[in-house]
Amino acid sequence: MPQKIYNSATRKKETLKTVQERKVGIYVCGITAYDACHIGHARGAVFFDVVVRHLRSQGYEVVYVKNFTDIDDKIIDRAKKEGVSIGEISKRYIAMHDEDMAALNVLTPTLTPKATEHVPDMIALISVLVEKGYAYTADGDVYFAVEKFPLYGANSGRNLEDMIAGARVDISDKKKNPLDFALWKASKEGEPYWESPWGRGRPGWHIECSAMSRRYLGETFDIHGGGEDLIFPHHENEIAQSQAATGKPPANYWLHNGFVRINSEKMSKSLGNVFSVREILKKHHPEVVRLFILQSHYRSPIDFSESYLAETRSALVRCYTALRIKKEMLAKLSVAGSLPEDKISAPARDYIKQFKQMEENFDKALDDDFNTAGALGYVFEAVRMLNNYFMAAKNASPTDKIKTLTAAGKSFEHFGAVLGIFQVDPDDFFISDNERELRKRDLDREEIEKLITQRTAARKNKDWAKADAIRESLARMGVSVKDTSNTTTWIIE
RNA sequence: GGCGGCAUAGCCAAGUGGCUAAGGCAGCGGUCUGCAAAACCGUUAUUCUCCGGUUCAAAUCCGGAUGCCGCCUCCA
């Protein structure tokens, strides 16, 4: 099935036709390195990570470029405040970003260029725009003249007159049109600068993406992504610059992810409701965060809250519970030794077929504009099938079991590889989940395990009253116990 | 003021013209269990904010109303 993509520029779902056969060039606007990454950054990063993983799993060779903006007003401000160099600020937050992304199991993009390392490319691009008459200089600044580019606004569904009439644009006497934007800014005293044909200065924000995407992916590449707030003006400006310079649109498909909200409100510094990735990861398993993000369609806004993450944790626990049982069952079978050569039964064959079907459905959902929520529906159906098989397979032959469980395992490996979940051993998942939940509730592991031991002893003596009393006190601590034939496991609710 | 998006069960959330409206969380009944938990089976929206319209057929298309949200300023 061909890959469909909702193109923000046309506001339609389109079939992906790549510039080069079976290859995809994708550029995503990365962070400005002046503060820690928040859950909104995580959403974008996780989503595009899945886009890339899925395209690769479908046989595309993907070059994924995600930049760092390491020169910008906000970085300069922060550096001034702390009395350190801008390089120190950007280095710190880029390192932090890399750690957060690694923690979230986000694959490192193919290339992660930094703005400051591409200033000559930007100057060259600006020079072309000046030569062609699309840009003009004013006191050492260079501005892009939006009126010279007739398509301006087309990609974000706006027109110049309406926007000017809106009058929410700031009036600068240097600009000929209030919507003109800076390609190059003359540097003020004490600010970092680069030499340029227009004097000492530094690049504007938009030009860096035009320069870097062109350098690494060419004049026209396949997919350009970012948060939905970048549609205007950032991406509009990028298109104007690139297309004015080369005569070609920079990208064929524009992909934008929706926002993370807090209590149905936009998360923003001014509202003081920003949640950093590191704060969240102290309380939640990274895969819970990924699952939470991927449970909704990427273009819908998602509401972030602790209780939603708790619900997501329950869902992930359900998956890992099944995976753990599968692992145990399979381990026992391996110990049992040789695999008899008798044929697998019809019911087993049917299960295997159904797991395969879930994989196909899963891929199809992602082919349809990266519908991760739809895809997850099939993952959970597969979980139910697996659990169902555990019940049905009580009397199945070892061959049946091995073949079926291995087939199921392959399906889950596929789901996990594409979504970036199910990446840890089930036992390790529960260990780390327990640790995290214990810490959150300030509970003591030894205390719990002592009670479990006491209860096990009571149960051995068939002292049900005592066993139940202990279970009651554990329940009051939020600990739920589960007795199996010879062991007792526990989990924090 | 301009532009755009969304409204599906108690909560979260897919589905965008036609089989029984995915899935998760929560709940309920049954099986299992010493009792539980987990798991399985069953169940929880005759209906998709409301009102009109198009169509043999609409949650899905069109018009209108109401509500919520976003962009237009740095922002993922």
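In what follows, chains are A, B, ... by sequence order, proteins preceding strands, each numbered from 1. Just so it is clear, the structure is predicted and the values come from calculations on it, not from any experiment.
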Counting side-chain heavy atoms from CB outward, which of [options] is closest to [X]?
X	options	result
A:Lys482	B:A76, B:C72, B:A37	B:A37
A:Asp483	B:G34, B:C40, B:C25	B:G34
A:Lys266	B:C35, B:G70, B:G2	B:G70
A:Asn388	B:A76, B:C40, B:C71	B:C40
A:Lys74	B:G34, B:G24, B:C74	B:C74
A:Arg261	B:A76, B:G34, B:C69	B:C69
A:Arg471	B:C35, B:C12, B:G2	B:C35
A:Glu228	B:G70, B:G24, B:A76	B:G70
A:His41	B:A76, B:A37, B:A39	B:A76
A:Asp468	B:A76, B:G15, B:C35	B:C35

Give the rounded distance in Å between these two atoms: CD of A:Glu493 and C1' of B:A36.
12 Å
What's the CE-P distance between A:Met391 and B:A39, to the nearest Å?
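Atom CE in A:Met391 sits about 11 Å away from atom P in B:A39.
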Parallel, tilted or perpendicular: which describes the rings of A:Tyr298 and A:Phe47, with under 30° parallel and over 60° perpendicular?
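Answer is parallel, since the angle falls under 30°.
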In whole Å, what separates the [atom1] atom of [N] from that of [M]?
N	M	atom1	result
B:U66	B:A22	P	33 Å
B:U73	B:G15	C1'	37 Å
B:A13	B:U55	P	35 Å
B:G4	B:C62	P	13 Å
B:G18	B:C74	C1'	49 Å

Taking the six-membered ring of A:Tyr143, is the NZ or CZ of A:Lys176 close enough (under 6.0 Å from the centre) and on axis enough (within 45°)?
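No - A:Lys176 does not lie over the ring of A:Tyr143 by the 6.0 Å and 45° rule.
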Closest heavy-atom contact between [X] and [Y]?
X	Y	answer
A:Cys37	A:Met101	SG-CE, 4.2 Å
A:Asp303	A:Arg261	OD1-O, 3.3 Å
A:Lys283	A:Glu437	O-OE2, 4.3 Å

Return the polar atom pairs (N/O with N/O) between nucleotides 21-23 of chain B and the protein under 3.5 Å, or none.
{"unit_1": "B:A22", "atom_1": "O2'", "unit_2": "A:Glu381", "atom_2": "OE2", "d": "3.3"}
{"unit_1": "B:G23", "atom_1": "OP1", "unit_2": "A:Arg384", "atom_2": "NH2", "d": "3.4"}

Find the partner of [N]: check Watson-Crick (N1-N3 plus N6-O4 or O6-N4) and G-U wobble (N1-O2, O6-N3) distances, both under 3.5 Å, and reply none if neither fits.
N	answer
B:U73	none
B:C6	B:G67
B:C32	none

Which residues in residues 351-370 of chain A have at least one heavy atom lying under 4.0 Å from any atom of RNA chain B?
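Close to the strand, none.
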Applying side-chain contact (heavy atoms from CB on, under 4.5 Å) to A:Ala103 and not counting sequence neighbours gives A:Leu281
From A:Arg324 atom CZ to A:Asp428 atom CG, the distance as rounded to the nearest 0.5 Å:
11.0 Å
Would you tell me whether A:Glu208 and A:Asn67 have side-chain atoms, one donor and one acceptor, within less than 3.5 Å of each other?
yes
Donor-acceptor side-chain pairing of A:His234 and A:Asp229 below 3.5 angstrom
no
Can you confirm whether or not the ring centre of A:His97 sits under 6.0 Å from the ring centre of A:Phe68?
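Yes, the ring of A:His97 comes within the 6.0 Å limit of the ring of A:Phe68, centre to centre.
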Within the 4.0 Å heavy-atom criterion, would you say [X] contacts the bases, only the backbone, or no part of the nucleic acid?
X	result
A:Arg43	nothing
A:Arg455	base
A:Gly40	base

Could you tell me whether the phosphate oxygens of B:A14, OP1 or OP2, come under 4.0 Å of any side-chain nitrogen or oxygen in A:Ser300?
yes
A:Thr404 side chain to A:Lys401 backbone, donor-acceptor under 3.5 Å
no
